[in-house]
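Index from 1, following the sequence. What you see is a predicted model; the values in this text were computed from it and never measured. Hydrogens, waters and symmetry mates are skipped; everything else that's a heavy atom, side chains included, is used.
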Amino acid sequence: MIFIKQKIDGVFLIKPSLFKDRRGIFRRHFSRKKFKSNKLKSDVLQANVSVNFKKATLRGFHYQKKPYQEDKTMSCISGEIYDIVIDLRKTSKTYLKWLGFKLSEKNKLSIHIPKGCANAFLTLKDNTVVHYYCSQNYNPKYEGGVNYLDPLFKFKWPIKPEIVSKKDKNIPYF
């Protein structure tokens, strides 16, 4: 696993090392040792799978507030997504900055999102499956969000989000 630092502190793209033979491909999806050697918290308390039937499905922007803040590591197992991470840490040099990443079954990249950042993803293909590890258990009383159309951020989505939950549509602007 190769951890590639990004412009927002604590955000990493993770490129797997692949073992390929006539049976198929093997890759390590998580390694506490590798996370620790990159100074990343590696406590996994919850793992989630998001199955998305249609292209242009948007999920997010979501994050957990203190004391339930969480680190997340996300991977697109099937299909393709565009994931945006926003830095919401007031003491960060990149406060209110965002980065976008394409994750797919083809590129096999993962993204590590640190506590204090929000993320959302938009499916770019039908039948997209996203798997993610979380360092904290979900607590709905401590959930926060950012509206995916917030003009403050000037998000550049590769396609127009078409399927969005009522909850995500109604998140107020930052």
Side-chain angles (χ1 to χ4, degrees), residues 1-64 68-87 98-139 143 148 155-165 168:
M1 299 172 78
I2 301 165
F3 288 71
I4 306 159
K5 285 184 180 186
Q6 301 300 303
K7 291 180 182 179
I8 293 177
D9 188 41
V11 175
F12 287 82
L13 268 181
I14 303 168
K15 184 177 177 181
S17 300
L18 303 177
F19 176 79
K20 189 174 181 179
D21 65 17
R22 64 186 179 94
R23 298 171 295 172
I25 297 172
F26 174 85
R27 71 179 184 194
R28 182 158 287 114
H29 199 246
F30 176 80
S31 165
R32 176 172 275 168
K33 182 179 176 181
K34 290 281 189 181
F35 271 65
K36 208 171 189 178
S37 70
N38 283 279
K39 297 178 177 60
L40 297 175
K41 190 169 179 132
S42 60
D43 296 335
V44 175
L45 296 184
Q46 185 172 306
N48 304 314
V49 175
S50 173
V51 178
N52 305 275
F53 301 124
K54 296 290 182 186
K55 176 180 178 176
T57 298
L58 182 118
R59 294 185 185 257
F61 284 92
H62 302 145
Y63 63 95
Q64 292 284 109
Y68 287 89
Q69 286 182 310
E70 62 187 352
D71 296 297
K72 287 184 196 173
T73 302
M74 302 185 64
S75 303
C76 183
I77 303 301
S78 175
E80 185 175 31
I81 64 171
Y82 184 72
D83 191 284
I84 292 180
V85 178
I86 310 169
D87 190 344
W98 63 270
L99 297 172
F101 306 90
K102 272 191 184 176
L103 306 178
S104 69
E105 67 182 295
K106 188 176 179 180
N107 69 21
K108 296 173 182 40
L109 295 172
S110 298
I111 185 166
H112 180 77
I113 303 154
K115 292 176 184 173
C117 291
N119 90 291
F121 67 84
L122 178 66
T123 61
L124 303 178
K125 292 185 177 182
D126 290 344
N127 299 311
T128 292
V129 179
V130 179
H131 179 270
Y132 52 106
Y133 298 106
C134 302
S135 67
Q136 185 59 263
N137 289 304
Y138 173 71
N139 188 321
E143 184 177 40
Y148 71 103
F155 299 121
K156 292 179 178 76
W157 298 104
I159 60 174
K160 182 181 177 190
E162 294 176 10
I163 302 169
V164 183
S165 72
D168 287 345

Note to self: Nearest 0.5 angstrom please: Ile8 CD1 to Leu99 CG, how far?
What the structure shows: 4.0 Å

Checklist line | Qualifying side chain to side chain donor-acceptor pair (under 3.5 Å) pairs with a residue from residues 31-40, counting only residues at least two apart or across chains | finding: Arg32-Ser42

Item checked: Greater than 12 external heavy atoms within 6.0 Å of Asp126's CG -> yes

Under 3.5 Å, sequence neighbours excluded: what are the donor-acceptor pairs made by side chains of residues 43-52?
from, atom 1, to, atom 2, distance (Å)
Gln46, OE1, Tyr138, N, 3.1
Gln46, NE2, Asn48, OD1, 3.1
Ser50, OG, Asn52, OD1, 3.4
Ser50, OG, Asn52, ND2, 3.2
Ser50, OG, Arg59, NE, 3.1
Asn52, OD1, Arg59, NE, 2.5
Asn52, OD1, Arg59, NH2, 3.2
Asn52, ND2, Ser50, O, 3.2
Asn52, ND2, Thr128, O, 3.2

Checklist line | Whether Glu162 side chain and Thr57 backbone form a donor-acceptor pair below 3.5 Å | finding: no

Check: When rounded to the nearest 0.5 angstrom, what is the spacing between CG in Leu103 and CD1 in Ile77?
Finding: 10.0 Å

Margin query: Measuring only between side-chain heavy atoms, which start at C-beta, is Asp168 closer than 4.5 Å to His62?
Written below: yes

Margin query: Measuring from atom CG of Leu13 to atom CG of Asn107, what distance do you get when rounded to the nearest 0.5 angstrom?
Written below: 8.5 Å

Next item on the list: Determine whether Arg28 and Met1 make a side-chain contact, defined as any pair of heavy atoms from C-beta on separated by less than 4.5 Å.
Entry: yes

Item checked: Ile84 vs Phe121 side-chain heavy atoms within contact, under 4.5 Å -> no

Next item on the list: Could you tell me which residues satisfy salt bridge (Lys or Arg N to Asp or Glu O under 4.0 Å) with Glu143, sequence neighbours excluded, listed by chain and number?
Entry: Lys167

Check: How long is the gap from CG on Asn119 to CZ on Phe101, to the nearest 0.5 Å?
Finding: 10.5 Å

Notebook entry, point to check: Can you tell me if Gln136 uses its side chain to pair, donor with acceptor, with the backbone of Cys134 under 3.5 Å?
Noted result: no

Next item on the list: Indicate the atoms forming the closest heavy-atom contact of Ala118 with Tyr63, along with that distance.
Entry: CB-CD2, 3.6 Å

Next item on the list: Give the minimum heavy-atom separation between Lys54 and Thr123, together with the two atoms involved.
Entry: O-OG1, 2.8 Å

Check: CG/Leu109 to CD1/Ile2 distance, rounded to the nearest 0.5 angstrom?
Finding: 10.0 Å

Checklist line | Test item: Phe12 and Leu40 side chains (from C-beta on) under 4.5 Å apart, heavy atoms | finding: yes

Checklist line | Rounded distance (nearest 0.5 Å) linking atom SG of Cys76 with atom CD1 of Ile111 | finding: 12.5 Å

Checklist line | Intermediate values then yes/no, side chain to side chain contact (heavy atoms under 4.5 Å, CB included), Leu124 and Ile159 | finding: CA-CA 8 Å; Leu124 303 178; Ile159 60 174; 3.9 Å; yes

Item checked: Verdict with reasoning, Tyr132 to Thr73, per side chain to side chain contact (heavy atoms under 4.5 Å, CB included) -> CA-CA 5 Å; Tyr132 52 106; Thr73 302; over 6 Å; no

Item checked: Nearest heavy-atom neighbours spanning Gly60 and Leu58 -> O-CD2, 3.4 Å

Note to self: ring-ring contact (aromatic ring centres under 6.0 Å, His included), that's the test. Do Phe155 and Tyr82 meet it? Break it down for me.
What the structure shows: CA-CA 12 Å; Phe155 299 121; Tyr82 184 72; 9.9 Å; no

Next item on the list: State whether the side chain of Trp157 and the backbone N or O of Tyr148 hold a donor-acceptor pair below 3.5 Å, judged by distance alone.
Entry: yes

Next item on the list: Using the salt bridge (charged side-chain N to carboxylate O under 4.0 Å, His left out) rule, collect all pairs that involve residues 15-27, keeping only residues at least two apart or in two chains.
Entry: Asp21-Arg23

Note to self: Just so I know, are the side chains of Tyr68 and Asn137 near enough to count as touching, which here means a heavy-atom distance under 4.5 Å?
What the structure shows: no

Notebook entry, point to check: What pairs meet the salt bridge (charged side-chain N to carboxylate O under 4.0 Å, His left out) rule with one or both residues in residues 71-80, with sequence neighbours excluded?
Noted result: Glu70-Lys72

Check: Would you say Ser104's side chain and Lys106's backbone share a donor-acceptor pair under 3.5 angstrom?
Finding: yes

Next item on the list: May I ask you to check whether over 12 heavy atoms, not counting those of Lys108, lie within 6.0 Å of atom NZ?
Entry: yes

Notebook entry, point to check: Is there any ring-ring contact (aromatic ring centres under 6.0 Å, His included) pair reaching into residues 25-59, and which pairs are they, with sequence neighbours excluded?
Noted result: Phe3-Phe35, His29-His131, His29-Tyr133, Phe30-Phe35, Phe30-Tyr133, Phe35-His112

